[in-house]
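First the structure, in the form of structure tokens, and then the observations on it.
Note that the structure is a prediction, hence the values are computed from the model and not measured.
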Amino acid sequence: IERERFCRLVQVAVLPHVADSTLPLILAASRDLAPAYRAINTYPGLLEQGIDANPEGLSVDDMSTRARTILDALYEANLAEWRENFGTQRSNGLATSQLSEVARAATAAGVAELLFDMDSTREGSIDDTGVVREVSEPDAESYGIVDEIAARVLRTGGIVKAVRASDLPDKTPVAATLRFPM
């Protein structure tokens, strides 16, 4: 009972810092305290995997390293799930990784979710119909094409996620699931 009371106090202190329920929460607790916290937890983002140690006995660097390992595994699992969904959607005509198709879809408010290469430096412009004009050298009228696609997706309520180039299918700087066939 005392452990659960303590855990409720901890939860009251933690919840204001993770008000956005999409944030993952990693529990760092001793083996005897972790079940008590999990029993009273109401936060939906609490990860199943935690740090099995008393946090007071860990350095900040050690805690950070352990948390990063858990977050990396979560990232890989989410990415694998996205890839599977992308493949299914693509077979149904509702996903593409072709830059020109993604640009047209973004312009037409047709992108539900966009993953893009965070390091892409492709320059050019996109017109009002979504036609891409790439340039080899930046000029006064060019800008980052991938950045512009991401902005168009955000303006139309789509989800945008920056990833490493190696995480994208087909060695292109963008991949998108669509709201409707293009």
Side-chain angles (χ1 to χ4, degrees), residues 18 20-26 28 44-51 60-182:
V18 291
D20 178 3
S21 64
T22 63
L23 292 174
L25 178 64
I26 299 171
L46 179 64
L47 299 180
E48 192 170 313
Q49 185 177 4
I51 298 173
V60 173
D61 288 340
D62 192 28
M63 186 81 91
S64 177
T65 299
R66 291 180 184 207
R68 174 56 52 201
T69 301
I70 293 169
L71 291 174
D72 286 346
L74 176 65
Y75 175 79
E76 288 302 322
N78 288 343
L79 196 55
E81 182 181 327
W82 184 88
R83 282 185 188 122
E84 184 174 328
N85 180 54
F86 178 82
T88 301
Q89 297 288 24
R90 180 163 37 190
S91 68
N92 293 320
L94 292 171
T96 183
S97 61
Q98 298 300 314
L99 184 69
S100 61
E101 292 175 5
V102 173
R104 281 196 308 275
T107 303
V111 174
E113 185 171 13
L114 171 75
L115 268 64
F116 71 95
D117 175 6
M118 67 178 99
D119 296 321
S120 177
T121 57
R122 289 190 176 189
E123 289 279 329
S125 62
I126 304 172
D127 71 14
D128 292 340
T129 63
V131 174
V132 175
R133 178 186 67 87
E134 288 193 63
V135 296
S136 56
E137 291 294 320
D139 59 34
E141 295 179 14
S142 68
Y143 43 80
I145 295 171
V146 173
D147 296 339
E148 177 62 21
I149 291 171
R152 290 180 186 203
V153 172
L154 287 171
R155 282 194 297 268
T156 59
I159 298 168
V160 174
K161 296 178 182 175
V163 298
R164 295 177 295 262
S166 60
D167 294 333
L168 290 164
D170 308 325
K171 298 187 188 318
T172 64
V174 293
T177 56
L178 308 175
R179 293 182 173 128
F180 46 83
M182 294 300 292

Verify, without hydrogens or angle tests, whether Arg179 (side chain) and Ala109 (backbone) share a donor-acceptor contact under 3.5 angstrom. yes
Rounded to the nearest 0.5 Å, what separates atom CZ in Arg122 from atom CZ in Phe116? 14.0 Å
So, Thr172 and Asp170: side-chain donor and acceptor under 3.5 Å apart, yes or no? no
Taking side chain as C-beta onward, heavy atoms only, is Arg152 less than 4.5 Å from Arg155? yes
Just jot down the side-chain contact (heavy atoms from CB on, under 4.5 Å) partners of Ala103, sequence neighbours excluded, or say none. Ile126, Val132, Ile149
Identify the two heavy atoms, one from Met63 and one from Ala28, that lie closest to each other, and give their separation to 0.1 Å. SD-CB, 3.9 Å
Identify the heavy atoms of Val153 and Ala106 that sit nearest to each other, and give their distance. CG2-CB, 3.8 Å
Heavy-atom pair of closest approach, residues Ala105 and Met182: CA-CE, 3.4 Å
Which pair of heavy atoms, one from Gly124 and one from Ile145, lies closest together, and at what distance? N-CG1, 3.7 Å
Tested for side-chain contact (heavy atoms from CB on, under 4.5 Å) against Ile51, the lone hit among Asp62, Thr69, Ile70 is Ile70
Member of Glu134, Arg133, Glu148 meeting the side-chain hydrogen bond (donor to acceptor under 3.5 Å, both in side chains) criterion with Ser125: Arg133
Could you pull out the closest heavy-atom pair between Pro24 and Leu71, with the gap in Å? CG-CD2, 3.9 Å
Spell out, as yes or no, whether a donor-acceptor pair under 3.5 Å connects the side chain of Asn92 to the backbone of Leu94. no
Heavy-atom side-chain proximity of Leu115 to Leu79 below 4.5 angstrom: yes
Is there a side-chain contact between Arg83 and Asp167 (heavy atoms, below 4.5 Å)? yes
For the residue pair Val160 and Val111, establish whether any side-chain heavy-atom pair is separated by less than 4.5 Å. no
Would you call Glu101 and Arg104 a side-chain contact if the rule is heavy atoms closer than 4.5 Å? yes
So which atom in Thr107 and which in Gly130 form the shortest heavy-atom distance, rounded to 0.1 Å? OG1-CA, 3.3 Å
Looking at Asp117, Leu114, Val174, which one forms a side-chain contact (heavy atoms from CB on, under 4.5 Å) with Val146? Val174
Pair Leu168-Phe86, side chain to side chain contact (heavy atoms under 4.5 Å, CB included): steps then yes or no: CA-CA 10 Å; Leu168 290 164; Phe86 178 82; over 6 Å; no
